[in-house]
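Naming: A, B, ... by sequence-line order, numbering from 1 per chain. No hydrogens, no waters, no symmetry mates; every other heavy atom, side chains included, goes into these values.
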Amino acid sequence: MKANLVMTKELVVCHPEQTVFEVLKVLREKSFRVLPVVDENQKILGAVNMLSMLSKLVPEYIVKGYLKSIPYAPDMGVLRKHYKEIIDHKVIDIMDDNPTIVGENESLLSVTSALIAFDRFEYAFVADKENVLLGIIASSDIVRCLSKFDPEVLFDA
Amino acid sequence: MHDSVNHVIFGLDPTWVAVSLLLCVYAIIMAEKFNRAVLSLLGAGLMILCGVITQKQAVAGIDFNTIGLLTGMMVIVAISQKTGMFQYVAIKSAKFVKGEPWGILVMLSVVTAVFSAFLDNVTTVLLIAPVTLLITDALGIKPYPFLFAQILASNIGGTATLIGDPPNIMIGSAAGLSFYEFLVNLAPITPFIFLVTMVCIWFMFGKGLYATDEAKALVMQFNENDALEDVPLMKKSLLVLFLVITGFTVAHSFHLEPASIAMFGAALLLLLQTWGMDLHDKDHAYEGIMAEVEWTTIFFFVGLFVIVTGVEHTGVIEMLAHKTLELTGGDFNATAGAILWVSAVASALIDNIPFVATMIPLIENMAPTFGGADELVPLWWALALGACLGGNGSLIGASANLIVAGFAQRAGHPIMFLQFMKHAFGLMLISIAIAHVYLHLRYLS
């Protein structure tokens, strides 16, 4: 089985110039976990998800220093302050610019290994050789596919 | 020494080859475009490949006492910092002064200075600077004065002991000066320099430090007990740190080198840390700690020792020593003063580690003039004071300064090179003037 048979093809995407506020609204209203960020030719530029947005709210000296965890610190209103600051920014400022991307002809085994190897989010974008977005595969899509185990479908492609 | 020079390629003069290599490595290190460990190893390799020295001579030139002491302490610190005890002390000290900004600045500077005396400066600021940024975020004030004071405190504190700063480790090892001798000769003056520096910082920033009562209350909400992540490991770390420092203090009486004690302490703490784990977990823990040792620094030292050995073999350093003595008229006091001030200004502008590596053989070569190696001791203190305190002169004066600047940048409050130098260079000169008076009163006449 190949990636293009498992992926979701009907996609909602966003563009780099949209504001964080607009994109978060779409994520919340549609209960999506991720939105691909694409240019006018549908080429993948990055991804926006809740975690990539939250990672911009925590001061860098915490996430990149010796302070891996700070159980002793109060909230200090830092998150809210930074949230207010970034809400009007463009998506390109907060997006994850290195999302997991797989080829349309990659096997399900290869896609699953890629998801585990990159270990950040539970999805991979499917793209052609020009990096044009074709679909998205979530880990739940793979499990769904396996649960409907049909040897002919899984192995002949 | 000249007789040991081998067949230099293309019949080139070994002196020119060695000096050119040394200057090239210095210059490229200053340009900061390449990794300094790679550069020093390349320079060392070329020193041997060009035939200036043999591999045997190169290996003999590597000071394994410095390497062992650094590596051992890095392992001990890598384990102890996981326990959160350093953050505990930082937060406790901030709450001790009830969240008052100036009080916090002083307390965190004291903590930095004391830690820097026993840990390396880079580790100290890596531990304290992020907590400082959390606290200044809570206070709602700019972190610059706090970070500025910590940079100065780390270099002043590091001056106080044999293990506080790499130049001291190198000097102690080369001159056979013990931990105890460093403590007795350098530690007495550092609190005074620290005090004077803090008074100057008060005049620079003290009046501008203001926080609301709500902000101070927020600092009091920090719970230092939650910082302690692994109390059993903390007890083991404290035990080993205590044993190692006691060991350093008495080592000389038992004819032991500090490296042996540090390496033994590191091995003991690795054993204690993994006591009771299964074999797989033990291996995993050892590998994790080994990965945290700053191998870049270690290999930088290895390469540097070889390069300096190469230059030393050509007799250039001996010649420079004679020239220096000619300039000072062979006067001991003038020589000590010159070493102090030149080391300070040089350390502010270039990496003090290669500088001290070159100065050590230069001072050793002065022994015949001043009546033997034992008479040189005040010159070693002058070099240590100049090289360690000189690091405060600019942002590139010491590795710890750059680490703090990196944190400040990430926190959105970058420390500018000239802004720092404007505040710090004068303070550095004051500290060197104090050191000069101290040297004069205690050792010179």
Side-chain angles (χ1 to χ4, degrees), chain A residues 16-17 19-21 23-24 37 46-99 113 115-121, chain B residues 77-78 80-92 94-95 99 119 122-140 143 147 214-230 292 403-414:
Chain A
E17 300 300 310
T19 65
V20 175
F21 180 79
V23 174
L24 287 180
V37 185
V48 184
N49 58 47
M50 292 297 185
L51 196 62
S52 70
M53 196 272 297
L54 285 178
S55 71
K56 302 290 173 186
L57 303 184
V58 179
E60 264 195 69
Y61 61 82
I62 296 176
V63 284
K64 288 192 180 165
Y66 265 21
L67 301 177
K68 291 288 181 286
S69 61
I70 46 167
Y72 47 83
D75 184 73
M76 309 189 296
V78 168
L79 294 177
R80 182 172 291 277
K81 187 177 138 218
H82 288 177
Y83 179 76
K84 282 183 184 161
E85 281 169 9
I86 71 158
I87 202 77
D88 295 324
H89 280 220
K90 289 176 182 163
V91 164
I92 196 166
D93 296 334
I94 66 138
M95 72 182 186
D96 167 21
D97 56 10
N98 190 22
S113 338
L115 278 182
I116 295 164
F118 293 106
D119 192 29
R120 284 175 304 168
F121 307 113
Chain B
V77 170
S80 346
Q81 63 96 358
K82 288 186 191 305
T83 65
M85 60 184 182
F86 301 110
Q87 281 93 340
Y88 173 90
V89 175
I91 294 165
K92 188 93 181 161
K95 287 174 73 173
L119 315 175
V122 169
T123 307
T124 305
V125 298
L126 273 173
L127 293 166
I128 304 297
V131 180
T132 307
L133 290 166
L134 267 180
I135 291 172
T136 53
D137 253 350
L139 287 173
L147 297 177
E214 291 82 32
K216 290 179 203 163
L218 205 51
V219 172
M220 297 309 285
Q221 279 180 34
F222 276 78
N223 187 350
E224 66 276 16
N225 292 321
D226 289 341
L228 296 177
E229 291 181 17
D230 190 339
E292 285 184 42
I403 299 277
V404 175
F407 272 112
Q409 177 109 24
R410 284 190 211 137
H413 301 280

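The distance from the OH atom of Y72(A) to the CD atom of E229(B) is 8.0 Å, given to the nearest 0.5 Å. Once rounded to the nearest 0.5 Å, the distance linking CD1 of I62(A) with CG of L133(B) reads 9.0 Å.
Nearest heavy-atom pair, P59(A) versus D137(B), reported as atom, atom and distance to 0.1 Å: CG-OD2, 4.1 Å. The minimum heavy-atom distance between D226(B) and P71(A), with the atom names listed, is O-CG, 3.2 Å. Closest approach of L218(B) to P74(A), counting heavy atoms only: O-CG, 3.6 Å.
Among residues two or more places apart in sequence or in another chain, the side chain to side chain contact (heavy atoms under 4.5 Å, CB included) test is passed with A408(B) by L147(B), I415(B).
Within a 6.0 Å sphere centred on NZ of K90(A), heavy atoms belonging to other residues, nucleotides or ligands number 12 at most.
I91(B) touches chain A through its side chain: at least one heavy atom from C-beta onward sits under 4.5 Å away, while N, CA, C and O do not. Neither the backbone nor the side chain of V219(B) comes within contact range of chain A, judged by heavy atoms closer than 4.5 Å.
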